[in-house]
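Working notes for the structure below.
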Amino acid sequence: MQPPKAVQPPDAPPVPVVTKQYETTDKFYTTKTDSLLAIIKQETPAMLYDSTGAIAVPSEWVASVNYGIRKANYVIIHYTAQDSIQQTLRTFTLLRTEVSAHYVVGKDGKIFHMVNDYLRSNHAGAGKWGSVTDMNSCSLGIEIDNNGREPFTDAQINSLLLLLTQLKKAYNIPTANFIGHQDYAPKRKPDPGPLFPWKTLADKGFGYWSDAVLVPAPVNFDYTTALRLIGYDTSDLNAAIIAFKRHYVQQDNNPQLSPLDLNVLYNVYRKY
C-alpha cells in the first residue's frame with residue numbers, strides 16, 4: 001500500500017519547482033555562496049605597512065554589533081535580446097559568458113530567480129546614472145524574455161508588476177529608481193526599448209511619467225541640465241536624448257528634441 005501524499009494547505013505559499021536540468025549550476029551556486037560566506041566570516045584585520053614596507057601599522061579586529069546586509073536601491077529592467085527563455089537561462093548558467101540577472105521573466109509570465117537579491121549580479125555593466133557608476137553593486141537586474149523587436153506579453157507585464165511590488169516593499173526602493181538599461185548605459189545599450197510599457201509601470205508607482213496635460217517648457221529651458229538632473233549621462237548628449245525619448249516619448253530614435261519632446265522632458269524633470 002502506498003503511503004498517502006502530503007496535502008498542502010490551501011493558504012500555503014507555492015513550493016518552488018526544482019528541476020534536475022540545472023542541478024550542476026545549482027551546486028556551483030551553493031559552493032560559490034559558501035566561499036563568500038567564508039570571506040564574510042574572516043575576522044583577521046588587514047596587515048598595513050608604511051611606504052617603505054618595513055614598519056607595520058598596528059591593527060586589531062573589534063567586532064561591531066551594528067551592521068547588516070547591503071540592500072538594493074535600484075531596479076534595472078532589460079530585454080534578453082535572445083530567441084527563447086531556454087537560451088537565456090543557458091547564457092546565465094555558463095561561466096564563460098560572465099553575465100547574469102537576479103530575475104528572468106518568461107513570455108508565459110513564469111519568473112526565474114537566478115541570483116539572491118542581496119548578492120551582486122553581472123547585469124548592468126559600464127554606465128552612469130546620476131553619481132552611480134557601479135550599478136551592479138546597488139541594483140537588482142530583471143531580464144524579460146524578448147528579442148527587442150516584439151511586444152511584451154500581458155503575462156510578462158502582469159508578473160513583472162507583481163515582482164516589482166514585492167521588491168519595492170521589501171527594499172524600500174524609491175519610485176524614481178526603476179529605470180531601463182538604456183537609461184543607465186545610453187552609449188551602448190538599447191533595452192528594454194520603445195515597446196516596453198513604461199507608462200503602465202509608472203501608473204503603479206515604478207518610475208515617473210509625464211502628466212496627461214503638459215506644462216509648456218520655458219523658452220530658455222536648459223534641456224541638457226534637465227536630463228542630467230533626472231540621472232542621464234550627458235557626456236554624449238545625443239545618446240542621452242535618444243535614451244530619454246525611447247523611455248518617455250517612444251516615437252522615434254533621432255537625437256533632436258521637438259517642442260513636444262521638450263514639454264515631456266520639462267514635465268518629467270519637475271518630478272525629480
Side-chain angles (χ1 to χ4, degrees), residues 71-80 101-105 111 117 121 123-125 127-132 135-136 138-144 146 148 151-154 156-186 189-215 217 223 225-234 239-251 253 257 260-272:
K71 296 188 294 184
N73 195 44
Y74 288 87
V75 169
I76 309 297
I77 297 175
H78 312 248
Y79 60 51
T80 60
H102 292 90
Y103 297 89
V104 181
V105 184
I111 295 175
D117 293 352
S121 75
H123 68 93
K128 185 179 181 182
W129 184 255
S131 61
V132 178
M135 192 59 79
N136 284 340
C138 61
S139 68
L140 295 168
I142 301 177
E143 291 271 3
I144 304 179
N146 183 286
F152 296 85
T153 70
D154 291 341
Q156 282 180 319
I157 301 306
N158 290 339
S159 293
L160 176 64
L161 291 172
L162 291 174
L163 175 60
L164 294 180
T165 299
Q166 176 180 304
L167 297 177
K168 184 177 185 180
K169 181 179 179 180
Y171 306 119
N172 196 28
I173 298 174
T175 296
N177 291 3
F178 294 82
I179 62 174
H181 201 188
Q182 185 173 21
D183 295 319
Y184 169 70
K189 289 295 181 180
D191 54 316
L195 298 178
F196 186 74
W198 282 112
K199 183 181 185 301
T200 300
L201 268 67
D203 289 343
K204 299 294 185 180
F206 311 118
Y208 290 125
W209 193 255
S210 58
D211 295 327
V213 178
L214 296 175
V215 176
Y223 61 84
T225 298
L227 286 167
R228 187 167 61 250
L229 290 176
I230 289 172
Y232 287 98
D233 176 10
T234 57
I241 290 173
I242 291 172
F244 172 83
K245 290 175 68 171
R246 284 168 66 93
H247 185 136
Y248 293 99
V249 184
Q250 301 187 316
Q251 290 181 356
N253 290 328
L257 289 168
L260 172 62
D261 299 336
L262 286 171
N263 292 342
V264 171
L265 173 56
Y266 179 66
N267 190 259
V268 171
Y269 135 82
R270 288 173 42 169
K271 299 176 185 290
Y272 282 80

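Please read all numbers here as calculations on a predicted model, not as lab measurements. Values below: every heavy atom of this structure, side chains too, minus hydrogens, waters and symmetry copies.
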Backbone of Leu214 reached by a side-chain donor or acceptor of Asn263 within 3.5 Å: no
Interatomic distance, Thr200 atom OG1 to Leu160 atom CG [nearest 0.5 angstrom]: 10.5 Å
Interatomic distance, Trp198 atom CH2 to Phe206 atom CZ [nearest 0.5 angstrom]: 11.5 Å
Tyr223 atom OH, over 12 foreign heavy atoms within 6.0 Å: no
Short side-chain to backbone donor-acceptor contact, Thr80 and Asn146, under 3.5 Å: yes
Aromatic ring proximity Tyr232/Trp129, centre distance under 6.0 Å: yes
Student check: side-chain heavy atoms of Tyr269 and Leu229 closer than 4.5 Å: yes
Nearest non-hydrogen partners of Pro197 and Phe152, listed with the distance: CD-CD1, 4.3 Å
Ala101 to Gly141 - nearest heavy-atom pair and separation: CB-O, 3.7 Å
Tyr79 ring center within less than 6.0 Å of Phe196 ring center: no
Short side-chain donor-acceptor distance under 3.5 Å, Tyr103 and Asp117: yes
N/O donor-acceptor pair under 3.5 Å between Tyr184 side chain and Gly125 backbone: yes
Pair Ser139, His102: side-chain N/O donor-acceptor within cut-off below 3.5 Å: no
Backbone of Pro190 reached by a side-chain donor or acceptor of Arg246 within 3.5 Å: yes
Reported CE-to-NE2 distance for the pair Met135 and His123, which is rounded to 0.5 angstrom: 8.0 Å
Interatomic spacing from CD1 in Ile157 to CD1 in Ile144 - rounded to 0.5 Å: 5.0 Å
Nearest heavy-atom neighbours spanning Ile76 and Gly180: CG2-C, 4.0 Å
Considering all heavy atoms, the nearest Pro192-His78 contact: CB-C, 4.2 Å
Student check: side-chain heavy atoms of Phe244 and Val264 closer than 4.5 Å: yes
Main-chain N/O of Asn73 paired with Asn177 side-chain donor or acceptor, under 3.5 Å: yes
Side-chain heavy atoms of Ile111 within contact of Val104, under 4.5 Å: no
For Trp209 against Asn267, the heavy-atom pair lying closest together: O-OD1, 4.4 Å
N/O donor-acceptor pair under 3.5 Å between Lys168 side chain and Gly205 backbone: yes
Minimum side-chain heavy-atom gap Lys245-Leu257 below 4.5 Å: yes
Nearest non-hydrogen partners of Val105 and Ser159, listed with the distance: CG1-CB, 4.3 Å
Point-to-point distance, once rounded to the nearest 0.5 Å, from CD1 of Ile230 to OH of Tyr248: 6.0 Å
Salt-bridge criterion met for Asp211 and Lys271 (N-O under 4.0 Å): yes
Gap separating the CG atom of Leu265 from the CD1 atom of Ile241, nearest 0.5 angstrom: 8.5 Å
Side chain to side chain, Val75 and Ile77, heavy atoms closer than 4.5 Å: yes
Exam field: side chain Asn158 to backbone Asp154, donor-acceptor pair closer than 3.5 Å: yes
Gln166 side chain to Leu163 backbone, donor-acceptor under 3.5 Å: no
Flag, side chain of Asp191 to backbone of His181, donor-acceptor distance under 3.5 Å: no
Leu167 and Ile142, any side-chain heavy atoms less than 4.5 Å apart: yes
4.5 Å side-chain heavy-atom contact, Lys71 and Asn172: no
